[in-house]
Asks: 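Have a look at the structure that comes next, please.
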Amino acid sequence: MVAMNLPKVYEPKEYETDIYDLWEKSGTFEPNSAHKAYTIVMPPPNANANLHIGYALTAALEDIPTRYHRMLGERTLLLPGADHAGFETQAVYEKQLAKKGKSRFDFSREELYSQLYDFVATNRHNFESQFRKLGISCDWTRFTFTLDDKIVTRAYKTFKQLWEDGLVYRGERLVNFCTFHGTAFADIEVEYKEAKTSLWYIRYPLTDGSGEVIVATTRPETMLGDTGVAVHPDDKRYTQYIGRTVRLPLTGREVPIIADAFVDTSFGTGAVKLTPAHDQNDYDAAERHSLPKISIINHEGKLTDEVPESYRGLTVVEAREAVVHDLEKGGHLEKTEDLTHNVGHCYKCGTVIEPLLREQWFVDMQPLAKPAIAALKANKITFYPAAKREQLIGYLENLRDWNISRQIAWGIPIPAFQNVDQPDDWIFDDRVDQEIIEIDGKTYHRDPDVFDTWFSSSSWPYATLGIDSPDFKHHYPLSLMETGGEILYPWVSRMIMLGLYVTGDIPFQEVYIHGYVMAADGAKMSKSIGNVVDPMPVIEQYGSDALRMGIVAGRSPAVNRGYDPRRVEEARNFCNKLWNIARYIEDRLGDSYTHAPEARPKTTAEHWILTKLQHITEVMGGHLDSYRFSEAYDTLYHFVWDDVADWYIEASKSEKGSGVLGHVLEGVLKLAHPFAPFVTETIWQTLAWTGDTILAVQSWPQPTKADAKQAQAFEEIKAIVTEVRGLVHSLELDKPTLYYTDAPFIATNSALITRLTNIARTREVSDGNGLHLTSTTYQCWLDVDAGVAVAHVERLETQKAEQQSLVAQYEKRLSNDSYVRQAPKQIVEQTRQRLAEAKTMIERLQAEQQRFTSLAE
RNA sequence: GGGUGAUUAGCUCAGUUGGCUAGAGCAUCUCGUUUACACCGAGAGGGUCGGGGGUUCGAGUCCCUCAUCACCCACCA
C-alpha cells in the first residue's frame, strides 16, 4: 500500500495563511473575466474595531456567492472597505484622551481630525489581517476607506448637485444641546437617567372666561414658551374645548387648544402644554398644526428675551423656581405630584441636555424618494427576504426631510460657507481646509458641521468603483448588497435614492438582509454582559472553514439566531471528512493518475455517483442562485458524507480503482469550495494531477454522462444492503450467508454486497431457505437459526402495520372524489403509485410472515 | 404604543411557490475497531409542527385570533 501523503487529521492552521497568500499574490481575487459581472461592494466595517463573530457570518454571506460566481466564470469582484465610523470612533479615541486628562474640547477640529486619522490608520492593519483569516475573497487592490479622497469628493459633488437642484435647504430643528460644552450631540450620545422630579398641574384659563384647562408638566419653566395646548381627539373630557383658546398665566399669551393623537389620555390630565422650541413631541405637533416656535432658552442655558423681563437671563433651574413661585402666588398651580422619569444628560459632563432649535442642512426627500418607490414597486430590486421590499416602500412613502448636519469633528466637513455680514447668504465651496474665505470682498465662514455619515455612504456603491472608471462600466449596478436589517432604512434606502439621483440607475439588483449572531442563549452579545464570542480563537481551534459553515448552517435571512458551537464542531468534522476522502482517493489513484476531462464510468456505483453529482450540482446551483446558503450547505454536506463517503467510496473498496474517483473528488472539491475554501484549496494543491492551477478559479462542475439504468441498479443494491444490515442488527445475526436463486445480478455484485453488509458470503442455491428479503424483487434469503423466528415475525408485523396505515391513508385520499378531480394529476398519480407500492410490500411481508412462521415451526 | 420576527424531536434549528409517510446536527440507546477518517462506521428510539378558529380535495406552509418570547422604533409632557 502506498503511504498516505497527508496526515490523518486536517490541521487548518498549518495551511490557511499560506493558502490565503497564494490566492492574494496570484491575483485570484481580481476581476479579469470577459463574461458578465458579478459584484458585491462590502458594507464597510468599522476600521477601528476588532471583528466580532457577526463578521464571520457577513464574510461568509458575501464570500460564498462571490466564489460561486467566480467559478461560473463571471467577472467577479468583491470590493473591500472600512468605515471611519464617525461618532463611535471618536468616542473610543476620547476615552484615550481622557486617560491623559484631555478632552476633545481641548483641540481644534483640524487637530482632532488628524489625530483620529492616525489613530485609525494604526488599528486598520489588525482589522485587515482578521478579514484575511476569514478567507474572504475580496480584491484588496481596490480597498476603500470611507474618508478616502474619492469618497469625500463624491460627497461634495453630490451635495453640490443637490444644492444646484434646489434640494438642500437650511432649516431649524431641535438638537440635543449640552449647554456646558456648547455643542449639540447625536441622539445616541445622550445618556438617559432616571430622575426624581415633580409633576406640576397648572391651570390655564379659557380666554372666554368660561372655565379652565389643567395641564401637567415636569418642566413648568417652559410654559413661558408655550404656543398651544393639545388634547386627544377622542378624549370626551375635552371635546368641547378643541378649537378654543386659553390665556397663559405670567405671559398673558393667547394660545389655541388643538387635538392630536399623540396625546396619552391616561397621563396627567390628558391635556398637554406645547413648547415646540424645547421638546421634540411638541415640535412635531406644532409642525402638524402650524403653531409658532418660541425659543426661550439660549445656547448657554439661560432664558432669552422672549420671556417677560423678570425671567430674562435666569438659568433653567432658577427660572423653574421663579415660575413655580409666581404660578402659586397667582393661584395657577393646582397641585404637585412626585414623579420619576428619564432625563437626557450629557454623557461627558452630566449636564441635562436641552433640546434647542438650531439651523441645520436638510435634504428635500420627496423628489428623491419618488423614483426609488417607483423602482421598488416595479420589482427592479430583489430582496431576501422578500418582505423587506414592502417595508422599505412603506418607509419611503412616509419619509421626512433628512437632516445631514452633524456636530462632531470626525467626519467629512460640509462644503458650505456663510457670509458673516448676511446670515442668509450661503455659498457652496469645497475649500473646506479653510475656516474663512474671501470672495468679491465678502467674508465667508465655513459651516463648522460635518455630514451625517449616511450622507457620504449613500454613494458607496458607485463612489467605491469611481463613476468615471472602467470599473463603473463593468460593475455598476452591483449584483448584491448584503447588510443588516438595522440599516435598511438609514442606508439601503438612501443608496437607492441617491443611486438613482446621481447615476440614473439602481445601485444594486439584489439585497440580502442578514440576521444577527446572538449569544448561545439567544441574548444579544454585548461587551458589558461579557457574552461576546471572539471569532479568532474559534478559527485557531476549528479552522476558518468550520467557523464559516458552522455559522451559516441553519440560518435564514433576517432571522437572529444564537451562536451554536456544536455546528462549528460539526463543520470541523466535515472538513476532516473532505480531507480523508481526498487521502483515500489520492492513495487509490496513485501518482500516475492524470486528469481526464471525461469520466468513463464502468460500475453501477460509478454511474450512480456521477448521476448524483450532476443532480447535486443542479440543486446547489438553484439554492445558491437564490441565496439559500443554509440549504446549499445542507445539500453539499449530505452529498459528500452520505453519497460519496458512505456509499460510493465504500463501494469502490471492492472494485478496481478508476478515474471516476478522481473525477468525483474534483467535483466534490469544487462544490465545497465556496463553503470550505481553505481545506478544498489545500487538498487541490496536494493533488499531483492539478499542477500549478488554483481551485478558486476552476469552473463549476460540468454535466457528466452516466447511465440511468446502471444508476438505478445501484439503488437496488443499496436497498438490499440496507435491509440486510437492519436484519443482521435487529436479529443479532452473526455473519450470515446470503442465498439467492436465479439472480445473476446478485452474483455479479456479490463482492460489493458482501463488503457493504459485512456478511460471510453470497451463495446461489436451487431452493430458498431462511429469511426472505422483502425490499427487492430478487429472490434472496439470509440463513438463520430457528431461534430468531419470534423476533423476526414481530419485526415483520411492525413493518406490515406501518405499510397498512399508509394504505389506509392513500385509499382514503383516493376515495375522495374532490381530491381525484381537483388535485394535479401528477400528485394523484403519485398517490396511486405509492398505494400500489405499499400493497406490494404488504403482500411480500405477509408471504414472508406465513412462510417463515411455517418454516420455523 | 407602533413595527418586525419567532414558537417544529431532550437541545440548536432546517422545511423555497400549500401535495409530508415532517428532516438535520448534537444528545440518548444498541452494535462495531472491515487498513480514508473514532473529528469514524452500522442500526434504533424520540414530534397531535404554541392554543383555538377558518380557507382548501389537501395546511408545518395561507388567513383570523389568543398566548409567550425576542428585536427595532417611538414615548415617559
Side-chain angles (χ1 to χ4, degrees), chain A residues 1 4 6 8-10 192 199 215-219 222 230 262-264 267-269 271-275 279-282 339-343 385-388 391 394 485-486 488-489 515-516 518 520 522-524 542 546 550 553-556 558-567 569-588 622-623 626 628 630-631 633-634 637-638 645-646 649-650 653 721-722 725-730 732 755-758 802-803 805-806 809-810 813 816-824 826-828 830-831 834 838:
Chain A
M1 186 136 211
M4 293 285 177
L6 306 171
K8 271 185 150 185
V9 173
Y10 171 59
Y192 284 90
L199 187 63
V215 298
T217 180
T218 55
R219 301 202 55 187
T222 61
F262 92 91
V263 180
D264 178 358
F267 189 90
T269 62
V272 187
K273 59 190 267 326
L274 297 176
T275 319
D279 181 283
Q280 187 61 49
N281 251 331
D282 297 0
L339 182 77
T340 304
H341 73 150
N342 283 333
V343 177
K388 295 289 170 187
Q391 287 174 35
E486 87 282 12
L488 180 66
Y489 296 159
Y516 304 112
M518 313 298 274
K524 198 173 179 176
Y542 293 104
R555 252 171 223 279
S556 310
V559 177
N560 298 343
R561 167 126 333 121
Y563 169 71
D564 188 351
R566 292 173 309 182
R567 284 293 206 174
E569 207 170 307
E570 166 204 323
R572 186 272 314 262
N573 295 351
F574 181 58
C575 292
N576 197 54
K577 196 74 186 174
L578 287 167
W579 184 254
N580 275 289
I581 286 171
R583 287 180 71 221
Y584 170 79
I585 293 180
E586 285 191 62
D587 187 55
R588 281 294 298 266
H623 287 320
S626 310
R628 292 191 296 266
S630 175
E631 290 88 332
Y633 169 66
D634 196 60
Y637 180 95
H638 289 286
D646 290 345
I649 284 190
E650 288 309 316
K653 287 177 180 173
V721 167
T722 303
R725 282 173 176 170
L727 285 167
V728 167
H729 191 270
S730 69
E732 295 178 331
R755 175 167 187 107
L756 292 178
T757 52
N758 196 26
E802 280 169 14
Q803 295 297 319
S805 96
L806 282 181
Q809 269 184 47
Y810 294 144
R813 202 178 295 173
N816 181 343
D817 265 0
S818 326
Y819 172 70
V820 177
R821 238 184 13 252
Q822 293 181 39
Q826 46 179 356
I827 296 290
V828 177
Q830 190 183 54
T831 307
R834 283 180 184 170

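Numbers restart at 1 for each chain; the letters A, B, ... are given by sequence-line order, proteins then strands. None of these values were measured; they are calculated from a predicted model.
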Asks: So, using side-chain hydrogen bond (donor to acceptor under 3.5 Å, both in side chains) as the criterion, who are the partners of A:Arg566 when residues are at least two apart?
Replies: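 If we apply the side-chain hydrogen bond (donor to acceptor under 3.5 Å, both in side chains) test to A:Arg566, skipping adjacent residues, the hits are A:Asp564.
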
Asks: Hey, what do you get for CG (A:Asn560) to OH (A:Tyr516), rounding to the nearest 0.5 Å?
Replies: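 Nearest 0.5 Å value for the CG-OH distance: 7.0 Å.
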
Asks: Identify, between A:Ala230 and A:Met518, the residue whose nearest nucleotide on RNA chain B lies closer to the 5' end.
Replies: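 Checking each residue's closest nucleotide, the 5'-ward one belongs to A:Met518.
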
Asks: What is the distance from CZ of A:Arg588 to C1' of B:rA36, rounded to the nearest Å?
Replies: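 To the nearest whole Å, that distance equals 11 Å.
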
Asks: From the set B:rC57, B:rA36, B:rG19, return the single nucleotide nearest to any side-chain atom of A:Ile581.
Replies: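 Of the options given, the side chain of A:Ile581 lies nearest B:rA36.
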
Asks: Rounded to whole angstroms, how far apart are CG on A:Leu199 and P on B:rC76?
Replies: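 It works out to 13 Å between those atoms.
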
Asks: Using the C1' atom on both, measure B:rG18 against B:rA59 and round to a whole Å.
Replies: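 Roughly 6 Å separates the two C1' atoms.
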
Asks: Let's see if you can work this out: which of B:rC37, B:rU21, B:rA24 has an atom nearest to the side-chain heavy atoms of A:Tyr810?
Replies: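 For the A:Tyr810 side chain, the nearest candidate turns out to be B:rU21.
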
Asks: Identify whether any heavy atom of A:Arg813 sits under 4.0 Å from a base atom; if not, whether one sits that close to sugar-phosphate; answer base, sugar-phosphate or nothing.
Replies: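 Here A:Arg813 touches the backbone only, sparing every base.
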
Asks: For A:Asn816, give me all partners under side-chain hydrogen bond (donor to acceptor under 3.5 Å, both in side chains), at least two apart in sequence or on another chain.
Replies: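 Only A:Ser818 meet the side-chain hydrogen bond (donor to acceptor under 3.5 Å, both in side chains) criterion with A:Asn816.
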
Asks: Taking the side chain as every heavy atom from C-beta outward, state whether A:Lys388 and A:Leu488 have any pair of such atoms under 4.5 Å apart.
Replies: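 Yes - at least one pair of side-chain heavy atoms lies under 4.5 Å apart.
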
Asks: Which whole-number value in Å describes the distance from A:Asn816 CG to B:rA59 P?
Replies: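 These atoms are roughly 11 Å apart.
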
Asks: Measure the shortest side-chain to side-chain distance between A:Asp634 and A:His623 over non-hydrogen atoms and say whether it is less than 4.5 angstrom.
Replies: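 Result no, sub-4.5 Å side-chain heavy-atom pair not found.
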
Asks: Whole angstrom is fine here: how far is it from CD in A:Glu486 over to P in B:rU4?
Replies: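 So the two atoms are 18 Å apart, to the nearest Å.
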
Asks: Rounding to an integer number of Å, can you tell me how far A:Trp579 CH2 sits from B:rA38 P?
Replies: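 To the nearest whole Å, that distance equals 14 Å.
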
Asks: For B:rC49 versus B:rU35, give the span between their P atoms, rounded off to a whole number of Å.
Replies: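 To the nearest whole Å, 45 Å.
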
Asks: Give me the distance, rounded to whole Å, that separates B:rG43 from B:rG52 when you measure between the C1' atoms they each carry.
Replies: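 Between the two C1' atoms, the distance is 41 Å.
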
Asks: Ignoring hydrogens and angles, does a donor from either the side chain of A:Lys653 or the base of B:rA36 sit under 3.5 Å from an acceptor on the other?
Replies: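 In this structure, the two groups form a donor-acceptor pair.
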
Asks: Quick one: A:Gln822 CD to B:rG18 P, roughly how many Å, whole number?
Replies: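 After rounding, the reported distance stands at 16 Å.
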
Asks: Can you tabulate the close N/O pairs, meaning under 3.5 Å, that link protein atoms to atoms of nucleotides 6-16 of chain B?
Replies:
{"unit_1": "B:rC11", "atom_1": "O2", "unit_2": "A:Arg566", "atom_2": "NH1", "d": "2.9"}
{"unit_1": "B:rC11", "atom_1": "O2", "unit_2": "A:Arg566", "atom_2": "NH2", "d": "3.1"}
{"unit_1": "B:rU12", "atom_1": "O4'", "unit_2": "A:Arg566", "atom_2": "NH2", "d": "2.8"}
{"unit_1": "B:rU12", "atom_1": "O2'", "unit_2": "A:Asp564", "atom_2": "OD2", "d": "3.2"}
{"unit_1": "B:rC13", "atom_1": "O3'", "unit_2": "A:Gly554", "atom_2": "O", "d": "3.3"}
{"unit_1": "B:rC13", "atom_1": "O3'", "unit_2": "A:Arg561", "atom_2": "NE", "d": "3.1"}
{"unit_1": "B:rC13", "atom_1": "O3'", "unit_2": "A:Arg561", "atom_2": "NH1", "d": "2.6"}
{"unit_1": "B:rC13", "atom_1": "O3'", "unit_2": "A:Arg561", "atom_2": "NH2", "d": "2.9"}
{"unit_1": "B:rC13", "atom_1": "O2'", "unit_2": "A:Gly554", "atom_2": "O", "d": "3.2"}
{"unit_1": "B:rA14", "atom_1": "OP1", "unit_2": "A:Arg561", "atom_2": "NH1", "d": "2.3"}
{"unit_1": "B:rA14", "atom_1": "OP1", "unit_2": "A:Arg561", "atom_2": "NH2", "d": "2.1"}
{"unit_1": "B:rA14", "atom_1": "O5'", "unit_2": "A:Gly554", "atom_2": "O", "d": "3.2"}
{"unit_1": "B:rG15", "atom_1": "OP1", "unit_2": "A:Glu631", "atom_2": "OE2", "d": "3.0"}
{"unit_1": "B:rU16", "atom_1": "O2", "unit_2": "A:Arg628", "atom_2": "NH1", "d": "2.7"}
{"unit_1": "B:rU16", "atom_1": "O2", "unit_2": "A:Arg628", "atom_2": "NH2", "d": "3.0"}

Asks: Got a sec, which residues hit side chain to side chain contact (heavy atoms under 4.5 Å, CB included) with A:Glu570, two or more places apart in sequence or on another chain?
Replies: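 A:Glu570 satisfies side chain to side chain contact (heavy atoms under 4.5 Å, CB included) with A:Arg567, A:Tyr633, A:Tyr637 only.
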
Asks: Assuming nearest nucleotide by heavy-atom distance, tell me which of A:Ile827 and A:Asn580 is located more 5' along RNA chain B.
Replies: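 Counting from the 5' end, the first nearest nucleotide belongs to A:Ile827.
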
Asks: What's the closest nucleotide to the side chain of A:Asn281 if the choices are B:rC75, B:rG5, B:rG25?
Replies: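 For the A:Asn281 side chain, the nearest candidate turns out to be B:rC75.
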
Asks: For a 4.5 angstrom cut-off between non-hydrogen side-chain atoms, does A:Met518 reach A:Arg561?
Replies: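 Side-chain contact under 4.5 Å: no.
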
Asks: In whole angstrom, give me the gap between the C1' atoms of B:rC76 and B:rU4.
Replies: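 Rounded to whole Å, the distance is 23 Å.
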
Asks: Which distance, rounded to the nearest 0.5 Å, do you find between the CD of A:Gln830 and the OH of A:Tyr810?
Replies: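 OH of A:Tyr810 is found 8.0 Å from CD of A:Gln830.
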
Asks: Between B:rG23 and B:rU16, how far apart are the P atoms? Round to whole Å, please.
Replies: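 14 Å, rounded to whole Å.
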
Asks: In whole angstrom, give me the gap between the C1' atoms of B:rC64 and B:rC71.
Replies: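 That atom pair is separated by 25 Å.
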
Asks: Between B:rC13 and B:rC57, how far apart are the two P atoms, rounded to whole Å?
Replies: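 Roughly 37 Å separates the two P atoms.
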
Asks: Measure from the side chain of A:Gln830, starting at C-beta and using heavy atoms only, and say which of B:rC37, B:rU4, B:rG19 lies closest.
Replies: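 Selected nucleotide (nearest to the side chain): B:rG19.
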
Asks: Take atom CD1 of A:Ile649 and atom C1' of B:rC37, then tell me their distance rounded to the nearest Å.
Replies: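 Between C1' of B:rC37 and CD1 of A:Ile649: 10 Å.
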
Asks: Closest to the A:Asn758 side chain: B:rC75, B:rU34, B:rA36?
Replies: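 The answer is B:rU34, which lies nearest to the side chain.
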
Asks: Go along nucleotides 39-46 of chain B 5' to 3' and tag each nucleotide: B for a protein heavy atom under 4.0 Å from its base, S when only backbone or sugar atoms are that close, - otherwise.
Replies: BSSBB---

Asks: Could you measure between the two C1' atoms, the one in B:rG45 and the one in B:rU30, and give it in whole Å?
Replies: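 Those two atoms are separated by 10 Å.
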
Asks: According to a 3.5 Å limit on both distances, what stems of 3 or more consecutive Watson-Crick or G-U pairs are formed with RNA chain B?
Replies: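 Result, WC/G-U stems under 3.5 Å: B:1-7 with B:67-73, B:10-13 with B:23-26, B:28-32 with B:40-44, B:50-54 with B:62-66.
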
